[in-house]
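Notes to accompany the following structure.
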Amino acid sequence: MRNQIIAKAAAVAMTALVPGIAFAGGPVDDELVIDGEIQMITRAAPPEGHPLDEVLSGWLYRTEETRLLETDTFENPGMLEVQDGADLWNTVDGSAGKSCASCHGDAEESMAGVGASFPKWDEASNRPINVELQINKCRTEEMGAEAYKFDAPEQKALTAYVKHQSLGTPVAIDLAEGHMQSWWEKGNELYYTRTGQLNLSCASCHEQNNGNYIRADHLSQGNVNGFPTYRLKQASLVSLHNRFRGCIRDTRAEFPAAFSDELMALEVYVTWRGTGLSVETPAVRQ
Amino acid sequence: MDNIKPRVKVPKSASAGEVITIKTLINHPMESGLRKGKDGKLIPRQIINKFTCEFNGKPVFSCELEPAISANPYIEFSAKVNEAGTFKFSWLDDDGSVYETENKIAIK
């Protein structure tokens, strides 16, 4: 009797180990509609030169409970911080006595769709610029305020608020601007470079093994259309460069500084890989 | 605590006798009292320990919250509405603060 049970248990365990059956972690066949109104694009045709057949949002790889949280902007806990961002937008700061709203007015109009086209080429600094850096540029050059430090709560909240104005807009960055193409190439190279004691590249997990399990979790394609993302694990918004650094740390490598040339190149490249997916900020992930 | 903003979602109106769904969310760290800070010392517990909802002064729903509940507690429940009136929500913090908000509902 006892042996029989053990034999059965072993059989079950064997079945679970066979790859590719329903046990693997997605992607699921589901549609993301926010507040019953905004139809989100979670599956898109890849841009030319993309290594995958279909571009998939990380939302499709999450459990049903996590997916549901994102369908309602009231239940989405990331919206609490987006609300903080809305307050910051209207708050005067710095020696010039200006707020974001002083120049840009109502963000719902002036920022609509803007977040979907970042990172952009910045002629003045001769490198790509993301929303965080654009906010800092406005603060130091226009407002006479101090730049936000990396991952300051204000930086995450305001970035999320700006990107949230593009909710539903497909990601589309312009590689023809300035030297964006050469940064894309640098990012492309980094994406396939193995790092750390575990000798993993971004592609090892997110290209070759998305849908498979790692560390008791399933891997997505690693698209970045939902950042800053609310992670249930941290119970707060997580910025893209924080996530990049977390991934690189997990390969047991030394990780580059936030907004360094390496990570900006990676942001350009990885954002391009998610071309066509709706901006989901703030996405909800595990 | 400062900067705590409770949010609730209640329908603007309902038919008499209708059962409605009420959603509430509040930003709060829900510090369990079991974590240690960078200095190795325990971070003191600070959670919301009680939530109540009243309708026209009568209790509708209440619950006690425990340290295992994660940050930004979300509470959803249903209530039967027989008359127009006001829902009053309150969250009680360990430090004695009470965060309150109200929502009116009309009868169709």
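Chain naming here is simple, since letters A, B, ... match the order of the sequence lines and numbering starts at 1 in each.
For A:E75, the parts lying under 4.5 angstrom from a heavy atom of chain B are both the backbone and the side chain.
Side chains of A:M79 and B:R7 form a contact here, defined as non-hydrogen atoms less than 4.5 Å apart. Under the 4.5 Å side-chain criterion, counting only non-hydrogen atoms from C-beta, B:K23 is in contact with A:D72.
Within 6.0 Å of NZ in B:K108 there are more than 12 heavy atoms belonging to other residues, nucleotides or ligands. Within 6.0 Å of atom CZ in A:R252, 12 or fewer heavy atoms from other residues, nucleotides or ligands are found, so the atom counts as exposed in its surroundings. Counting non-hydrogen atoms of neighbouring residues, nucleotides and ligands closer than 6.0 angstrom, the CD atom of A:Q39 exceeds 12 such neighbours.
Interface residues of residues 72-95 of chain B toward chain A, defined by a heavy-atom distance below 4.5 Å and sorted by number: B:N72, B:Y74, B:E76.
For the atom pair CG of A:D87 and CG of B:N3, the computed distance is 8.0 Å after rounding to the nearest 0.5 Å.
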